[in-house]
Amino acid sequence: MSKLKELEQLLAHGVITRREFIARVSALGLAAAVSPMLLPSPAQAASPKKGGRFRLGLAGGSTTDSLDPATITDMMLQVVNQGQLRNTLVEIDQKANPIPELAESWEATPDAKKWVFKLRKGVEFHNGKTMDADDVIYSINHHRGADTKSAAKGIIEAIEDIQKDGKDTVIFTLNGGNADFPYIMSDYHLTISPAGDKFVDGIGTGGYMLKDYEPGVRAFAVRNPNYFKADRAHFDEVETLSIPDVNARTNALKTGQIDAMNRCELKTVQFLKRTRGIQVMEQNGFKHYTFAMRCDTAPFNNVDVRLALKYAIDRKQMVKTILRGFGAIGNDHPISMANRYHAGDLPQRQFDPDKAKFHLKKSGVGNITFRLHAADAAFVGAVDAAVLYKEKAGSAGVDIEVVREPNDGYWSNVWLKKPWCAVFWGGRPTEDMMFSTAYAADASWNDTFWKNKRFNELLVAARAELDEKKRRNMYSEMQSIVRDDGGVVVPMFAADLSAATDKIGHGPLGANWEMDGFRCAERWWFM
Amino acid sequence: MDSIAKLVLKRVGMGLVTLIVISLVFFVGVEALPGDLAEEILGQNALPETVEAFRKELKLDLPPHVRYFSWLGGFMKGDFGNSLANGRPIADLIGWRLSNTLFLALSAAAIAVPISIILGILAALYRNSLFDRAISMATLSTISFPEFFVAYILMALLSVQLIIFPSISNINDQMSLAEKLHAIFLPCLTLTLVVMAHMMRQTRAAIINILASPYIEMAKLKGLRRLRIIVLHAFPNALSPVINVVALNLAYLVVGAVIIEVVFVYPGLGQLLVDSVSKRDIPVVQASGLIFATVYITLNLAADVLSIVSNPRLRNPR
């Protein structure tokens, strides 16, 4: 069955066509088991049923959480904020396309510098106020300016000016063209609250209204009877519990105290899969783990050193042991199969001891030890992955020393500071966001301190390019430049694993974020 | 009684000094950890400007001693302040969690204390018998396993296999007392198993110690029954060490339940303290730390007072 689920995922992301999907499913003899929504038969899926209390048990909640979208960083509030209480202008659908949410439509000037968003009319906030352009401007400005403490400041820095044109039109002027701007407006920080809101009551336009919230413990919301999407938010009530311990989550699901959970434990998920009445869901999204080398620091300023290290890692073994098979191998660039412009034709880099030796020799650095800094704060299993890397590289004549760092303060003291360290990337829904965030020469999170002229030219050109085909070529070339010249080793893309009782119905899962793009409460239903 | 009042006053005074010192230790400890609240909350998303804005808004840019004394000033006036991370009043964050923690601790104590004392008396009564060895083995085994392991075993048996008790103790105000007690049964049982050995063994040892005294010999010679000797003659004189160990374990039930709270998703103070330390939310750490310290100090004081009251020799010092 897992093969079938995998095919459904591939279909949902457009990696395979519907025709291929049917052919491959038939070949497996699984056609009967396929969700009828995916097959072009006259029998359509039963429409979602309304009602019930949906109980979510999530990792990623903390007693220090706040409903202010500026400081949201983890799952519990991401799911509560974007999936229940508030909406963004743009939604990312299951195939990673931007679709209208609070904005009804949008269009750009040909240079993609000026974006006009037409807002949906008659949308009401939970407090009865009708949403208009002022609310949008207020909510977006919350993340801009000198005094903001928003984690989203970086991603909307390109906005130079926001103007309204009447009650239902908002015009964004950017400091450079960006064809992917609608994707940015789908970010989970950029949810819309009423103008003047203090962001503490959870007032939004979302499918559920907040009744009770205790940070790091529980959020309780009831269906919004005036929700503007008629075919969404099927549950009567949604209870979101913070359950940090993975065993507690799993047991709660098994004993029926919750209906769905996120972040299953890789070691035991095989057993969970075999449990009756439980469905395990795998989302292959953008999440990837990297080993970032600072290209401005010796010896990593030498491209042959970087290549030697890239050839010295066994990616398949990493996926098999660190991810237990739940993921995909990387190709030393951050663009995943779920991205639109993934360069599938780029040759896969393999573990190759001869080439590693060759490049190490060519680099002329002699016999040195490369210090790789890692802690499990970087990603689950980072230290194990580093040790695995060391062992395999040793057999290729490359000497790596693993330096174990404390989890506390990893992101402030190790990342962007040490010359070579393990890094977690949640990934980005678009190529441009990913590259601009972590690979552009002037990006604050350019953790490889990599400055490639051709790459940076292409980045700006591709961002403003509205022609699909030209864009695809540019992004392919950029992936190949990162792969061959960049300072990053990308061994693997990790899948998101979640589980639910099989009483829960859902369509193909969105891969942009965990739990169906955070929107499980809005998209799922009780069968 | 005068001496007891004097002792209590002296100990309360010393307790207050201890609390101030503890608050200082907490403050310095959290300060010494790498990173601050702004960096921890923003994590990988931190930009230098946003971290600056964060620090400025929360006054984290002031020197540490200024922040400590402004906190101390507020605290003296009974103002716990607000959480730095989400701006909620700390009194609100702590109030209901403290009552949850105390509820769990008291329920566990109500089971654990009588059972362990009775078992201790029985063990002394049937010293070196099979019964004595069996309960010693059993209680020592439960205390020797890590508490989360005991918790998972109980969960696997009573919640997953038999489906009698819930695996997460999610309690809220809408529940009746009976529902709450049902919900917390597993954490309660785990804590009971964890603290029983200590109290049971101490009771047994204290009684056996007394049994060697001449007046017990006398009682035996009078032909009294063994049970009567132990319960009426030996036990009252063994009370002092027993009270001390009970007080220590009660304190443990309040402050040591952090892991149990996480395993059973019980909304108590422990989880709050852990989250606040990891996010460097100093005022919350201070407040919850001081509550734990107060519990320790108060219970220790109570134990001392009770030991004196239960012991005529200490009650009437020459």
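Just so it is clear: chains get the letters A, B, ... in the order the sequence lines come, proteins before strands, and each one is counted from 1.
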Next on the checklist: Keeping Q257(A) on the side-chain end and P166(B) on the backbone end, is there a donor-acceptor pair under 3.5 Å?
Outcome noted: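 Between the backbone of P166(B) and the side chain of Q257(A) there is no qualifying donor-acceptor contact (under 3.5 Å).
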Top contributor to chain B contacts, counting heavy-atom pairs under 4.5 Å, from [options]:
| options | answer |
| --- | --- |
| P215(A), G216(A), S66(A) | P215(A) |
| N407(A), N247(A), N413(A), L416(A) | N247(A) |
| D74(A), T437(A), V217(A) | V217(A) |

Options [options], ranked by heavy-atom pairs under 4.5 Å with chain A, top entry:
| options | answer |
| --- | --- |
| R88(B), K56(B), K279(B) | R88(B) |
| L84(B), V284(B), L272(B), V263(B) | L272(B) |
| I163(B), D281(B), N170(B) | N170(B) |

Checklist entry - Between T255(A) and V160(B), does a side chain to side chain contact (heavy atoms under 4.5 Å, CB included) hold up when you go through it step by step? => result CA-CA 6 Å; T255(A) 54; V160(B) 177; 4.0 Å; yes
Checklist entry - Is it the backbone or the side chain of D65(A) that comes under 4.5 Å from a heavy atom of chain B, or both, or neither? => result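 For D65(A), backbone heavy atoms alone lie under 4.5 Å from chain B.
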Next on the checklist: Counting only non-hydrogen atoms closer than 4.5 Å, does A146(A) touch chain B with its backbone (N, CA, C, O), its side chain (CB onward), both, or neither?
Outcome noted: backbone
Next on the checklist: A side-chain contact here means heavy atoms from C-beta on lying under 4.5 Å apart; do M155(B) and K254(A) qualify?
Outcome noted: no
Checklist entry - Would the number of heavy atoms belonging to other residues, nucleotides or ligands and lying under 6.0 Å from NZ of K287(A) be above 12? => result yes
Chain A contact via [X] - which portion, at a heavy-atom distance below 4.5 Å:
| X | result |
| --- | --- |
| R55(B) | neither |
| S83(B) | neither |
| F148(B) | neither |

Item to check | Distance-only donor-acceptor check, side chains T63(A) and Q271(B), under 3.5 Å | outcome: no
Checklist entry - Are I168(B) and R249(A) close enough, and set up right, to give a side chain to side chain contact (heavy atoms under 4.5 Å, CB included), and what steps lead you there? => result CA-CA 8 Å; I168(B) 54 174; R249(A) 268 197 317 281; over 6 Å; no
Checklist entry - Taking all atoms of both residues into account, what is the closest heavy-atom pair of A248(A) and V265(B), and its distance? => result CB-CG2, 3.9 Å
Item to check | Inter-residue atom distance R218(A).CZ - I171(B).CD1, 0.5 Å rounding | outcome: 11.5 Å
